[in-house]
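Each ligand, and each atom within it, is numbered from 1 in the order the structure gives. Along the sequence shown, residues carry numbers from 1. As the structure is a prediction and not an experimental result, all values here were calculated from the model.
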Amino acid sequence: MRFQPVPLLLRDGRSALIREATRADGPALLALERAQVIARHGVVKRLDELPEDAEAFLAQREAAGLHRLDGHAFPLVVTDAHGALLGEASVLRQGFQMLRHTGVLGIGVHPSAQGLGAGRALMVHLLTWVRTHRDADGGAVTRVELHVRADNTKALALYRSLGFVIEGTQRAHLRIDEGTYVDGILMGLLLDTPEA
Ligand SMILES: CC(C)(COP(=O)(O)OP(=O)(O)OC[C@H]1O[C@@H](n2cnc3c(N)ncnc32)[C@H](O)[C@@H]1OP(=O)(O)O)[C@@H](O)C(=O)NCCC(=O)NCCS
């Protein structure tokens, strides 16, 4: 099932659009990730760990299956009225049959567009898309999970408000620098899926 674009009004009065991500978004998605890594909030990567160029970045997304159109991936972006990319969110399903009902969620909003409601809108529409999707054989995603830094209070508040619960703590999961560690948190949401 393809995602139908949804218009959105941001808290600063700008209009925006949530739509499905495509391969053509590759360069803008890399620029978005770069901006988040530079802002150093909520991320686990360093700048020199990002792909060198858009081609390599797109190859990574392809390898992960993020552009498959068969219900394996649910990639969304939010753009402003001029088409500039403000954020992205995706759910990527696990490959093994016993794990196919589980999707892993990731989200990022450009530092200059945070706090305007884009993140919440992305989450709400992404979860609705995932919840209502059915595979050709009737299969569905019934569990969404994510990893979040324990110091990412904004994201934790957002996820909690949408029903995600903490399922575990990975102690000292991130090593920021010598002697500074941050816990990782695993959160999960069981989806109440309507009948197909
Ligand atoms: C976390 C993130 C996705 C939220 O997106 P956003 O567009 O900034 O969030 P929104 O404006 O939609 O706000 C969503 C919720 O986040 C929480 N939130 C936002 N700003 C907050 C703040 N300053 N303090 C505490 N909670 C905050 C609130 O629960 C808010 O809901 P509300 O506005 O209804 O009260 C975004 O800040 C981001 O990309 N951060 C950097 C990357 C990251 O952390 N990704 C997630 C990794 S797990």
Side-chain angles (χ1 to χ4, degrees), residues 5-21 25 28-47 49-51 57 60-61 64 66 73-81 83-94 102-130 143-176 180-189:
V6 177
L8 182 70
L9 191 62
L10 298 177
R11 220 167 269 149
D12 63 358
R14 276 187 291 165
S15 52
L17 185 78
I18 297 181
R19 62 165 173 81
E20 198 167 336
D25 294 312
L29 282 165
L30 176 57
L32 172 70
E33 186 159 358
R34 205 169 263 149
Q36 288 175 81
V37 169
I38 289 169
R40 299 185 68 157
H41 184 268
V43 292
V44 299
K45 292 180 197 169
R46 297 198 191 277
L47 208 47
E49 291 166 331
L50 290 179
F57 180 72
Q60 275 188 8
R61 286 179 63 89
L66 266 163
F74 302 81
L76 291 183
V77 291
V78 55
T79 62
D80 70 10
L85 207 142
L86 302 177
E88 62 89 24
S90 65
V91 164
L92 186 63
R93 281 167 83 173
Q94 309 264 339
T102 294
V104 180
L105 187 142
I107 182 169
V109 173
H110 194 283
S112 67
Q114 288 176 11
L116 301 178
R120 178 175 294 283
L122 273 171
M123 288 291 295
V124 167
H125 290 288
L126 179 58
L127 291 173
T128 301
W129 185 20
V130 169
R143 172 185 161 82
V144 177
E145 63 186 36
L146 58 86
H147 288 89
V148 56
R149 289 172 55 143
D151 59 0
N152 194 347
T153 46
K154 273 197 228 182
L156 280 161
L158 172 62
Y159 303 146
R160 270 205 193 92
S161 73
L162 292 167
F164 282 84
V165 298
I166 293 179
E167 297 181 329
T169 300
Q170 300 160 297
R171 293 169 299 162
H173 189 53
L174 292 100
R175 182 173 172 275
I176 307 302
T180 312
Y181 294 86
V182 173
D183 289 348
I185 307 280
L186 169 67
M187 298 186 91
L189 174 71

Does the protein put a heavy atom less than 4.0 Å from atom 2 (C) of ligand 1?
no
Leu116 neighbourhood, listing ligand 1 atoms whose heavy-atom distance to it stays under 4.0 Å:
11 (O)
For atom 40 (N) of ligand 1, which protein heavy atom lies nearest, and how many Å away is it?
Gln114 NE2, 3.4 Å
Decide, yes or no, whether a salt bridge links Asp25 with Arg19 under the criterion of side-chain N to carboxylate O below 4.0 Å.
yes
Taking all non-hydrogen atoms of both residues into account, name the closest pair between Gly119 and Ile107 and its distance.
O-CD1, 3.6 Å
Residue portion contacting ligand 1 (non-hydrogen atoms closer than 4.0 Å) for Asn152
side chain
When distances are taken from atom 34 (O) of ligand 1, the protein heavy atom at minimum range is Arg120 NE, 3.0 Å
Among all protein non-hydrogen atoms, which one is nearest to atom 45 (N) of ligand 1, and what is the separation to 0.1 Å?
Ile107 O, 3.0 Å
What atoms of ligand 1 come closer than 4.0 angstrom to any heavy atom of Gly117?
10 (P), 11 (O), 12 (O)
Between Ala150 and Leu156, which heavy-atom pair has the shortest distance, and what is it?
O-CD1, 3.6 Å
Taking atom 7 (O) of ligand 1 as the reference point, the nearest protein heavy atom with its distance
Gly119 N, 2.8 Å
Phe74 vs Trp129 aromatic rings, parallel, tilted or perpendicular, using cut-offs 30° and 60°?
perpendicular
Pick from Thr153, Asp151, Asn152: which one makes a side-chain hydrogen bond (donor to acceptor under 3.5 Å, both in side chains) with Arg149?
Asp151
Under 3.5 Å between any N/O of Val109 and any N/O of ligand 1: does that happen in this structure?
yes
Do side-chain atoms of Thr128 reach the backbone of Val124 as a donor and acceptor pair under 3.5 angstrom?
yes
Could you pull out the closest heavy-atom pair between His173 and Gly184, with the gap in Å?
CB-N, 3.5 Å
Atom indices of ligand 1, in the order listed, that fall short of 4.0 Å to a heavy atom of Gly108
39 (O)
Using a 4.0 Å cutoff against the non-hydrogen atoms of Ala155, which atoms of ligand 1 qualify?
1 (C)
Just by distance, with hydrogens left out, do Lys154 and Gln114 show a side-chain donor and acceptor under 3.5 Å apart?
yes
List the atom of Arg61, the atom of Ala21, and the distance in Å for their closest heavy-atom pair.
NH2-CB, 4.3 Å
Sub-4.0 Å atoms of ligand 1 with respect to non-hydrogen atoms of Gln36:
39 (O), 42 (C)
What residue and heavy atom of the protein are closest to atom 24 (N) of ligand 1, and at what distance?
Lys154 CG, 3.9 Å
Could you report the tightest heavy-atom contact between Ala28 and Leu85, atom names first, then the distance?
CB-CD1, 3.8 Å
In ligand 1, the atoms that come under 4.0 Å of a heavy atom of Leu158 are 14 (C), 15 (C), 16 (O), 29 (O)
Once you restrict to heavy atoms under 4.0 Å, what part of Arg149 touches ligand 1? Side chain, backbone, both or neither.
neither
If you have a sec, work out which protein heavy atom is nearest atom 33 (O) of ligand 1 and how many Å separate them, to one decimal?
Arg11 NH2, 3.1 Å
Nearest protein heavy-atom contact for atom 41 (C) of ligand 1: which residue, which atom, what distance?
His41 O, 3.3 Å
Would you mind listing which atoms of ligand 1 come within a distance below 4.0 Å of any non-hydrogen atom of Ala157?
29 (O)
Are any non-hydrogen side-chain atoms of Ile166 and Arg160 less than 4.5 angstrom apart?
yes
Which atom names give the shortest non-hydrogen contact between Asp183 and Arg171, and what distance separates them?
OD1-CA, 3.3 Å
Any protein heavy-atom neighbour for atom 37 (O) of ligand 1 (distance below 4.0 angstrom)?
yes
When you look at CZ of Arg40, are more than 12 heavy atoms from neighbouring residues, nucleotides or ligands closer to it than 6.0 Å?
no
In ligand 1, which numbered atoms sit nearer than 4.0 Å to a non-hydrogen atom of Gly115?
6 (P), 7 (O), 8 (O), 11 (O)
Just to confirm my output: which protein heavy-atom neighbour is closest to atom 48 (S) of ligand 1, and how far is it?
Tyr159 OH, 3.2 Å
